[in-house]
Structure formats: structure tokens, C-alpha cells
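A, B, ... follow the sequence lines: proteins, then strands. Residue 1 opens every chain. Only this structure's heavy atoms are used, side chains among them; waters, hydrogens and symmetry mates stay out.
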There are 4 protein chains.
Amino acid sequence: MLHQRFGGGQGWSGRRGRARVRAVVIRDARTRILDAAEELFAGSGYAATQTTMIARLAMVPRGLIHRHFPHKIDVLVALVDERTYVEEGREVDAVPGDPAGTLSRLARGLPLRASPAMRRILFREAETHGSVKERLGRLNGELVRRARFALGLALPGARGDAARLEVAATMFAAVLLYQENLCQLTGHQIDPDAVAELIAHSLV
Amino acid sequence: MLHQRFGGGQGWSGRRGRARVRAVVIRDARTRILDAAEELFAGSGYAATQTTMIARLAMVPRGLIHRHFPHKIDVLVALVDERTYVEEGREVDAVPGDPAGTLSRLARGLPLRASPAMRRILFREAETHGSVKERLGRLNGELVRRARFALGLALPGARGDAARLEVAATMFAAVLLYQENLCQLTGHQIDPDAVAELIAHSLV
Amino acid sequence: MLHQRFGGGQGWSGRRGRARVRAVVIRDARTRILDAAEELFAGSGYAATQTTMIARLAMVPRGLIHRHFPHKIDVLVALVDERTYVEEGREVDAVPGDPAGTLSRLARGLPLRASPAMRRILFREAETHGSVKERLGRLNGELVRRARFALGLALPGARGDAARLEVAATMFAAVLLYQENLCQLTGHQIDPDAVAELIAHSLV
Amino acid sequence: MLHQRFGGGQGWSGRRGRARVRAVVIRDARTRILDAAEELFAGSGYAATQTTMIARLAMVPRGLIHRHFPHKIDVLVALVDERTYVEEGREVDAVPGDPAGTLSRLARGLPLRASPAMRRILFREAETHGSVKERLGRLNGELVRRARFALGLALPGARGDAARLEVAATMFAAVLLYQENLCQLTGHQIDPDAVAELIAHSLV
DNA sequence: CATGAATGAGCTTTCATTCAT
DNA sequence: AATGAATGAAAGCTCATTCAT
């Protein structure tokens, strides 16, 4: 499993010598804990995952989890904080006259940095903790906003009226976000490019 | 909350007089338990919902839950068994040349009988118990199958190639099924008719 | 299973007509409850036997048990009261010079009326309720007393001293009482006649 | 209460210093739990003894019991495993011509290492768990086998025929095993030496 | 900082007992 | 008197959290 992570947030960067070594060790344990939690939360859900299981999978003693994360919920919060990221200001690479390509690039350059597992956690645990729901809302909003904007640029003639464009943007965001869930739960794989092409075609 | 239910399965039908009264009382308690569980499972998830909460919301003593459902998981299984229903053999009301209308009718006459809450439960707890996942899989499969079939009938000229039609059917099923989740989690309402219209348009 | 019972204690004997019929029905249910309890208490012990199991085996509704026996312990007490019986005053059929035959007859004409199951219950549940322990004590005492007396008569010359005779009587009582337990638990069948013969022989 | 224990199984043997101290503490808690359970199971029976009572008597918190013994039955199994021991291969110290002394030595060097309480538990809970019954069967079998063998050696002339010798061996085993039960339940003390002397005498 | 035994609140579940019919 | 649904106290067990080492 390879995760994109953004800002470990512990600020060990400047340390030197022995301290650094120890820091690395600690960071490793913390990372392993989060890795394990990510896998287990995505698989069985937050409530059904015991800290014991996390410790076992992370190969750390149980007490160490509570040293890094005083309460169980802090593990989830840390995952959401550190392993999902919505790039809100990024440029949309829209090409006028090519809505399909524009959406495809949007799908690839998704302003969401999150592993498939994290996306499942986001949805599954949206009610569990406010920060998860807030993050998910921001994410979906940004996706819709960007899809709307990109389609507006790609379709200068505005063939599709505003309402239809809104539906297209919403659907696009929904399918991209739920992609992993759909695949996992129903077995149906969804190709973002095909979705982009289909939605683009509906607006021409 | 108003649920469509299909065969309470108690077989009281022929009873009369006093026996009937008793039956009603029993059914009420059982129904209240399922009502409460449906609401709570949908809101907080199965694992995070204690039987005590169900009992309180249903206004029944705790022991009564286990009289009707020996184990907690049996409540979930009963909900899925009795409150979701996939009509597998139903006719598709397809009109050639009118794919949008055909999909709209399909969306309205969805072969899924399940409250919004039940749909959330289906997704959320798909991993919790085999029967939930199986039901969800059957449901999605039937939806895709019917959408595919309806679109084939509605578009006799087969303008869209098979692959695109498949994507359209899959997306249609996904959006319909996830509808509630999307609305709840992201706040974006999705109108099935608009989706039908968009997808139909993409295939013409 | 056929039990010897002594004094049903309900005093239905004199009733007539409808009352009698009803009495018979009641007594049947009560008897079936005790039969079932006897079998289950002997097999699994008092504490591990649920009243539900008794009701099921007796084929009576659960509520009926508590009509006849307000508390669960009352079933055990009734069993001990009605289905074990120590005839304290009975004559000992002793033949001088034939200690083996005397003991054999004593074993056969045991002043204990109790099914094998009841004997197991007596031992197993001796600590559970005072009345059970008291009954077991009385029973053993009577057996020892009679064996002692019988051997005294059968061995007029008093070849064995008093101490040895006491040991013989105690052993004889013990083996007779524990017989069922030993057989059930260890699989070793014990023949009372052989025991009588052996003990008699040891005293000659 | 002093127990002979055989292989505590913790493997602390090689530890030193602080680790050793901790080991002692742990072992103490576990031992106290088993001590308490032994006392309570012997007194009230397994089913009627709550884990709470064990915890109170052992002066440990309730959760600690389940840390050492995940399920209640595991406490019983551990007791039987660790606190009863049947020495199956031991030599029988038989002296030809002295059956009484031979049996006495056999009674004293009983191939069962178990406290009086454990012996009561063995009998009382033989039906509760397979491992208990198996242990009891092995024990009785070994006792009978040894008594038979010892008597065969002690009585070279084989005055008693095989059948009588078998009865003698069985009785000897039964009385030795049930000794505690008899004493506790009936108040009659049984002296193994007297039993040995009596049985030996019956075979001469 | 690291460890895992210790702790107890709180969960599911059981079941004797009650009670309306 | 008969019935079985209802009731809740109490059991076994789980597991997040604490804490001594």
C-alpha cells in the first residue's frame, strides 16, 4: 500500500543525531499505526475495529497507540487530517471544445489526495465524527465546483443550459467519489475516462 | 417514517377475535423495534448502535428485543430481509425512441423497495454481514440489467455502442442507489429524472 | 422412565366427576414437569438446566411450571421430597451365618426409594439446597445403620471387631449410594451382589 | 490451601531482576484466580459460581479474569489441566503376601495429585466439560489398573478368582476417589488404610 | 519513550419470574 | 387454570484507557 501523505505534522524535520534516529523510529511506529488503521477502518468500519487489531497489524504494542493518539477517535481524525487533502485553489486545465478531455484530465488530476481506502473511510464514517463529514463535504463541493467550471470553459457555446450542466457536474463528482465504494460493494468497475466521455457527450 | 413492508411473515391473516388483538400487539412491538433499528443503524451505523438505544427509541424493554431477535445481528438481517426487496422479474416499460422517458419510468418504478434509511444501511453495512452484501449485489445487478435492457429497447438504432451503453447503465444504477447517501453526506440533491434525461441524451 | 413415587401430596384422591378429570390433567402436567426436571437435573445439573428446557421436555407451557412451582428451587425440593424416600423403620432381613446373603438382600431391599437419576441429583445438588443435603445425610445414615445392624445379626460371633464392621458398613453404604455416579462417570459397572459378597467375606 | 502444580506454563524460569518481580505479580493474580475458583467451584458448583464471585474472592478486578481466561469454562479447564495430575507410569510397590500393606501404600501414593477440592470438582463437573470427564476417566482407569496389578502381585496364590479381584480393585478405586465427596456430603470419614485392610482381607 | 498487565464501564445476552389475556 | 409475551436483574464478556515498571 502506498499512500500520498502531506505534512506529517510532527515537525521532526530539523532534528539531528540521536534525536533524529529516535524520531525516525517514532515516526515509523506512528505511520504503521495509521497504515493499519486505514486498512482496518476501510475494511470493517471504525466502530468494529478494535485498537488491539490496529496494534497487531501495525506490529506495535497496544500502549503505543494511546501514546500517539490519546483516544481512539484521534486515530480517525489524524487519518482524515493527514491522509485526505482537498486542493482548493488549483487551476482547471480546460480546453474549449473538448469537454470530454477536460473532464478526463480533471478526473486524473483530482483535487483529492486520498487512497481508495481513505475514500471509503470518508463515506463510511461521515456520521462518526464532525471532522470527517466536514472534509467530505468540502471535497465534494470542490469537485462539483471544478467540474462546473471546467465544463463552462470547455463548452463556450453553452449548449447545455445551466441546470443540465449542474446535474452533469454533480454526477461526475458523485461517480468519482463513490468509485471505490461501488467497485468494492457491487463488483462493477467504473472507468473515470468513460464517465467523462459520456457526460461530455450528453452536453454537446 | 413510513415503510413499505412485504409480508410481515407472522401469518396472522386467518386469526380472529382475541387472538387477533394479541397478534397486533406483538406485531407492534416487533415493528417498533425494527423501526427504531432502521433509524439508528442508518444514522450511526450498526456497530455503534447499542441494543439499549434501540429499546429506548422503540419504547420496549431491552429483553423484548432478544425475544424477537436472539442476537443483535438478527435485527439487521431481519431489516434487510423484510424491508428491502428486489423485484427481479418485472417488465421494463420501454418506449422506443424515448430513452429519457424510459429511464425516468425505470427510476420511478425502481425494482427496489426500500426506504431511504434502508438504502443507507445497505451500503454502510455491506461488509458487516453476508446477507446485506448479497442483497446489495443482487440489487445493483438487477438495476444494471434492467437499465441495459431498457436502453436497448429505447434506442433501437443502437447509436451508442455497447461499451458506452454499459457505462450508462452502470452509472444510472450507481446514481440511483447512492442517491440517498449522496444527499445526506454531501447535501447535493440528485433528481432521478434529470439523471435519466442526461444519460439518455448522451446516447443519442 | 418409570419412577416409584410415594405420596403425591396433592390429595386429589377423593375428588369426583369433572373436578377429578381436571385434577388428572393437572397432575399429569405436574408429573411431566417433575419427570423432565429429574432427567435434566441429573444430566446437566440444577443450575445449568433452564426452566425453558424443562417446559419443552415436559411439553407444557412455560408459565405452567411457575404455577405449580413458584420458584425454580421448588422443583428441586419437590423432587427430593416426593421422589426420594428413606424407610427408616424397616426390618432388616438378616440371616445369622450368612452375611453375604444378608447384605445382598439389604442391597435389593434398599430402604432408599429413588431412581438412579434421583440419586445422582442428590449427590450433585447436595450443596445447592439444605433439604437436599439433609435428605442425603439421612439416607446415608440409615443405610449405614442398617448395614451395621444386619452384619451384627449375621455375624453373631463378632469375628470382625467393631471398627472393621463399621468400615464395612460405611463402604457398603457408600458403594450402593454412589453406584450410579460411578457407573455414569467412570463407565465401571458395580454389581451390588458382588460387593455384598466381598464385604461379607472380609469379615468372616 | 496448598496446591501442587505442574508446569505453570508461563516460562518465566530464566528471567531475572525486575522482569522476575513482574512475573511474580502476574503469577500471583492468576494463581489467586485459580485458588478462588477452586474453592468456589468445589463449594457451589461451576454453573452457580459467578465470575464476579471469583474476582471478589481473588481480590482482582473482573476484567483480569477474562484477560487470563477468555471464557469462564477456561478457568475450569485450567484448573483440571494444572491442578490434577494422573501419574500413569508409576511403579506399584507391591509386597507378595501383604495385600493390605500393598493397598495401603497404593492409597497413600495415589497416582492422583489433586487437592480435596479439585477431587470434588472433578466429580461434580464431569458432565460440564469434556476435558474434566476425560481426566476423571483416566484417573479411575489408572487407579483400577494399579489396584488390580498390585493385588495380583501381593496375592501370588490367586486365592480370589479374577472376578472377585476385579470387584475389589473397582471398589478400592471408587472409595478412594469418592472419599472427599463422602466425607463432605455424609459426614462419614473413611480411612484409606482401613479400606485397604478390609479389601485385602476379603481376598485372602 | 516503551510496554503490556491492569482496570472497569458498558455492552450483549440469558433467563427466572410476572402478568395480561 | 392456562398461556406465552413481557420484563429487567444479573450474567459473561469486550475493549478503550490507564499506569506501574
Exercise for review: Assign each of C:G63 and D:P61 to its nearest nucleotide of DNA chain E by heavy atoms, then name whichever residue's nucleotide is nearer the 5' end.
Suggested key: D:P61

Choosing from [options], which nucleotide comes nearest the side chain of [X]?
{"X": "D:K72", "options": "F:dG12, E:dT12, E:dA6", "value": "F:dG12"}
{"X": "D:Q50", "options": "F:dA11, E:dA6, E:dC11", "value": "F:dA11"}
{"X": "D:H71", "options": "F:dA11, F:dC13, E:dT14", "value": "F:dC13"}
{"X": "D:R67", "options": "F:dG12, E:dT12, E:dA6", "value": "E:dA6"}

Point to revise | Side chains of C:H71 and C:D74 in contact at under 4.5 Å (non-hydrogen atoms) | key: yes

Check your understanding: Taking OP1 and OP2 of E:dA16, is either one under 4.0 Å from a side-chain nitrogen or oxygen of C:H66?
Key -> no

Check your understanding: Is the shortest side-chain N/O distance from A:T51 to OP1 or OP2 of F:dA16 below 4.0 Å?
Key -> yes

Practice item. Check if the side chain of C:R62 and the base of E:dT17 share a donor-acceptor pair of N or O atoms closer than 3.5 Å. Key: yes

Practice item. Convert the base pairs of DNA chain E into dot-bracket notation, remembering that pairs crossing earlier ones are written with [ ] and that bases paired across to another strand are shown as |; include only Watson-Crick or G-U pairs under 3.5 Å. Key: .||||||||||||||||||||

Separation of [N] [atom2] from [X] [atom1] (nearest whole Å):
{"X": "C:F69", "N": "F:dA2", "atom1": "CZ", "atom2": "P", "value": "13 Å"}
{"X": "D:R30", "N": "E:dA6", "atom1": "CZ", "atom2": "C1'", "value": "16 Å"}
{"X": "A:I65", "N": "E:dG4", "atom1": "CD1", "atom2": "P", "value": "12 Å"}
{"X": "A:D74", "N": "F:dT18", "atom1": "CG", "atom2": "P", "value": "11 Å"}
{"X": "B:R32", "N": "F:dT7", "atom1": "CZ", "atom2": "C1'", "value": "14 Å"}
{"X": "C:M59", "N": "F:dA2", "atom1": "CE", "atom2": "C1'", "value": "17 Å"}
{"X": "A:I73", "N": "F:dA16", "atom1": "CD1", "atom2": "P", "value": "12 Å"}
{"X": "D:L64", "N": "F:dC15", "atom1": "CG", "atom2": "C1'", "value": "14 Å"}

Review point. Quick one: on DNA chain F, does D:P70 or C:V60 contact a more 5' nucleotide (nearest heavy atom)?
Key: C:V60

Exercise for review: Say whether, by atom type as modelled, one donor and one acceptor occur between the side chain of D:Y46 and the main chain of D:I121 under 3.5 angstrom.
Suggested key: no

**Study point:** A:R83, A:R32, A:R120 screened by salt bridge (charged side-chain N to carboxylate O under 4.0 Å, His left out) with A:E38, the one that passes
**Key:** A:R83

Exercise for review: Mind running side chain to side chain contact (heavy atoms under 4.5 Å, CB included) on B:L76 and B:F69 for me, showing each step along the way?
Suggested key: CA-CA 9 Å; B:L76 178 60; B:F69 310 97; over 6 Å; no

Review point. So, for B:L64 and B:A29, which heavy atoms are closest and what is the spacing to 0.1 Å?
Key: CD2-CB, 3.8 Å

Practice item. Grab the two heavy atoms, one from C:G45 and one from C:E125, that are nearest each other, plus how far apart they are. Key: CA-OE2, 3.4 Å

Check your understanding: From C:L136 CG over to C:E127 CD, what is the distance, rounded to the nearest 0.5 angstrom?
Key -> 9.5 Å

